[in-house]
Amino acid sequence: MDITEYIKLVFTDYTLRTITLGTAILGAVTGMLGSFAVLRKQSLLGDAISHAALPGIAIAFLITGAKDSNTLLIGALISGLIGTFWIRGIVTKTHLKSDTALGLILSLFFGFGMLLLTFIQKQPNANQAGLDKYLFGQAATLVESDVWLMAIVTGLCLIVMLTFWKEFKILLFDADYTQTLGFNTKFIDILITTFIVLAIVLGLQTVGVVLMSAMLLAPAAAARQWTNSLSVMVFLAALFGAFSGVFGTAISASQNNLSTGPVIVLVAGVFVMFSFIFSPSRGLLFKQIRFIKNRRDLELHKTLAFMHHIAETHEDISHPHAIKLLNNFQGYTRSTLQKLVDKDYVQLNGNMWSLTKTGFETAANLYTKQSTEDE
Amino acid sequence: MKIESKENIKNNDTTDMTPASSGVIAVKVDDLTVAYNYKPVLWDIDLEIPEGVLMAIVGPNGAGKSTLIKSILGILKPIAGSVTIYGKPYKKQRQLVAYVPQKGSVDWDFPTTALDVVMMGTYGSLGWIKRPGQKEKKASLEALEKVGMLAFKSRQISQLSGGQQQRIFLARALVQNASIYFMDEPFQGVDATTEIAIINILKELRKAGKTVIVVHHDLQTVPEYFDWVTFLNVKKIATGPVKDIFNDDNLTKTYGINYKVSIQE
């Protein structure tokens with residue numbers, strides 16, 4: 001299937017449209033909430049929550065015997081919330097660090113969930129087949145009502161986020177201080193965490209328990225590279241998440257037998273890689289370019305300063321000196337000399353060089369100027 | 001929590017203080033005990049801080065200096081004891097109190113600007129949901145100017161030096177326009193210029209009748225910067241005017257070694 005054919009299909013084919021919309025909305029809401037998780041240094045929380053949801057899915061199935069996705073999601077939500085508040089409890093009541101608590105709950109709940117899944121699979125009930133799709137997700141099972149649910153939760157999340165924006169922001173930055181101002185930090189914290197749990201649970205059907213945390217982290221990590229403003233970061237993360245959903249679905253739909261969840265996560269990974277390398281202010285590429293440029297500038301300055309040092313001893317600052325004099329100097333190369341000529345700091349005359357007036361003045365002010373720029 | 005009348009405090013030993021002080025007790029701590037895991041960090045602290053003093057809390061590492069401030073501010077829950085601000089429980093007097101946490105307690109790579117951080121100081125008076133407007137912005141810009149950071153208002157906070165970050169924190173507390181300021185090591189890791197700038201602001205606050213309580217590490221500067229001092233090492237060792245109690249005896253009691261300081265008269 002080529003691109004144009006695919007685009008036509010997105011608008012005409014009901015199933016594909018549902019899946020594309022679903023993954024886009026999911027990407028947007030997880031990207032948005034993921035920004036908060038990343039900034040709170042709770043990146044692993046998403047992983048723990050999604051794994052903690054698994055036993056809930058299994059228990060919901062055991063109780064109802066039905067595979068209706070909404071019933072299973074309620075099970076997932078309950079056990080996800082229990083896991084999350086256990087983690088909080090462990091961190092506040094004991095002296096275990098949060099990474100230990102996260103790891104503990106993640107593996108305990110996941111282990112229990114796997115146990116239940118294998119138990120269910122051994123049962124003669126034909127209905128049980130396909131419950132393990134929650135491990136890696138299966139976007140193809142999304143139906144219109146699932147997408148509506150995602151849209152409603154996303155809308156709710158947006159309203160809450162806009163209403164409590166100021167409170168969210170200050171809690172993320174400085175929780176102790178927020179408390180001294182009289183805000184109920186526990187309430188804000190629970191609000192944020194509950195929405196993170198909701199978003200993750202909604203994504204389980206599409207992306208699955210194992211990869212869900214990437215949906216939370218990757219768009220946020222990518223977005224952080226491009227901006228120094230929290231609102232822009234949240235917006236970008238939502239955008240990156242949505243695009244990951246759309247592109248991921250497109251790739252997996254146009255290539256047979258490619259599972260959608262992992263492709264979405266890989267697309268989000270590409271966003272991260274691209275952002276880490278090409279972001280103008282924080283990216284590796286421009287950092288390296290700036291580093292090289294700074295080093296060149298410094299070498300140039302050093303050579304100029306050395307010339308100034310020599311020229312100073314003469315009454316006429318433009319008194320010519322032999323280029324050979326510079327050979328003993330570390331920072332000097334033919335190209336640095338040429339650059340100084342280009343900048344009109346130095347004049348060449350055969351084997352002799354002389355400082356121009358601007359060159360002399362620049363050299364004299366080199367270090368005083370730099371130190372004022374620092375402050 | 002008991003609420004005590006503060007009418008009768010004029011007759012205690014705080015009568016011969018610096019002129020800035022009116023003799024009213026701003027902060028009163030009773031029987032405060034705080035423990036992590038059975039080990040007491042603060043033991044039975046009684047403390048009265050008169051209004052209008054510039055007070056240093058000194059003591060060795062692990063003496064509970066930060067814990068004392070955090071317990072007064074309700075960030076940590078004490079096992080026992082009570083705290084009153086001008087005679088009423090802290091919860092009812094929050095708007096009178098501003099806090100400058102240790103600089104290292106937050107992530108300075110947070111995506112926000114200097115002005116934005118200072119504006120957070122206005123959130124308390126705004127209350128829930130309401131957003132800061134022009135009035136809050138103006139107050140924040142004034143606070144930035146006071147700490148000499150107006151030129152950096154749009155700077156991403158990670159691109160500020162340690163001293164500049166400390167000034168931003170100070171500005172955030174200034175914008176709260178409180179009566180009592182608690183500061184946790186505001187001089188930590190700042191250069192001499194910033195230290196002087198900060199202490200000048202603190203002295204101005206005291207001149208304006210505010211009470212300033214500072215966790216401080218540099219014993220040499222105590223007599224120069226502060227007029228009141230509390231020695232703390234799990235228990236309260238002593239509290240009072242610097243000129244009366246800042247001596248080798250109390251220093252030795254607090255730090256456990258023979259301490260000699262030369263106090264310039």
Which answer fits K169(A), side chain, backbone, both or neither, if we ask what part of it has an atom under 4.5 Å from a heavy atom of chain B? both
Contact between P111(B) and L230(A) at the side-chain level, heavy atoms closer than 4.5 Å - yes or no? yes
Of Q176(B), R172(B), Q156(B), the largest count of non-hydrogen pairs under 4.5 angstrom with chain A goes to R172(B)
Among Q179(A), R224(A), M233(A), which residue has the highest count of heavy-atom pairs closer than 4.5 Å to chain B? R224(A)
Please flag which part of K91(B) lies under 4.5 Å from any non-hydrogen atom of chain A: side chain, backbone, both or neither. neither
Could you check whether atom CZ of F243(A) has more than 12 heavy atoms from other residues, nucleotides or ligands sitting under 6.0 Å from it? no
Flag side-chain contact, heavy atom, 4.5 Å: E167(A) against Y123(B): no
Would you say that more than 12 heavy atoms from the other residues, nucleotides or ligands in this model lie under 6.0 Å from the CH2 of W165(A), or not? yes
How about M120(B) and D174(A): do any of their side-chain heavy atoms sit closer than 4.5 Å? no
Got more than 12 heavy atoms from elsewhere within 6.0 Å of CH2, W108(B)? yes
Inspect the contact between R282(A) and D109(B) and indicate whether a charged nitrogen and a carboxylate oxygen are less than 4.0 angstrom apart. yes
Closest non-hydrogen contact found for L181(A) with R94(B) is C-CD, 4.0 Å
Side-chain contact test, heavy atoms from C-beta onward, threshold under 4.5 Å: evaluate it for V97(B) versus T180(A) and give yes or no. no
Proximity breakdown for Q95(B) and chain A, heavy-atom pairs closer than 4.5 Å: neither
Tell me whether the rings of F110(B) and F173(A) are parallel (<30°), tilted (30 to 60°) or perpendicular (>60°). tilted
To the nearest 0.5 Å, atom CG of N228(A) lies from atom CZ of R155(B) at 11.5 Å
How many angstroms lie between atom CG of L162(A) and atom CD1 of I129(B), to the nearest 0.5 angstrom? 12.0 Å
Does R296(A), at its CZ atom, have more than 12 non-hydrogen atoms belonging to other residues, nucleotides or ligands within less than 6.0 Å? no
What residue in G74(B), A173(B), G127(B), S161(B) has the most heavy-atom pairs under 4.5 Å with chain A? G127(B)
Can you tell which part of F187(A) gets under 4.5 Å to a heavy atom of chain B, answering side chain, backbone, both or neither? side chain
Applying salt bridge (Lys or Arg N to Asp or Glu O under 4.0 Å) to K39(B) and not counting sequence neighbours gives none
With a 4.5 angstrom heavy-atom cut-off, which part of V100(B) approaches chain A: side chain, backbone, both or neither? neither
When heavy-atom pairs shorter than 4.5 Å are enumerated against chain A, which of P101(B), G124(B), S125(B) gives the highest number? G124(B)
Does the side chain of W128(B) reach to within under 4.5 Å of the side chain of I188(A), using non-hydrogen atoms? yes
Please round to the nearest 0.5 Å and tell me the distance separating atom CG of D176(A) and atom CG of L76(B). 7.5 Å
For the side chain of K166(A) and the backbone of K130(B), is there at least one donor-acceptor N/O pair under 3.5 Å apart? yes
Do other residues, nucleotides or ligands put more than 12 heavy atoms under 6.0 Å from F235(A) CZ? no
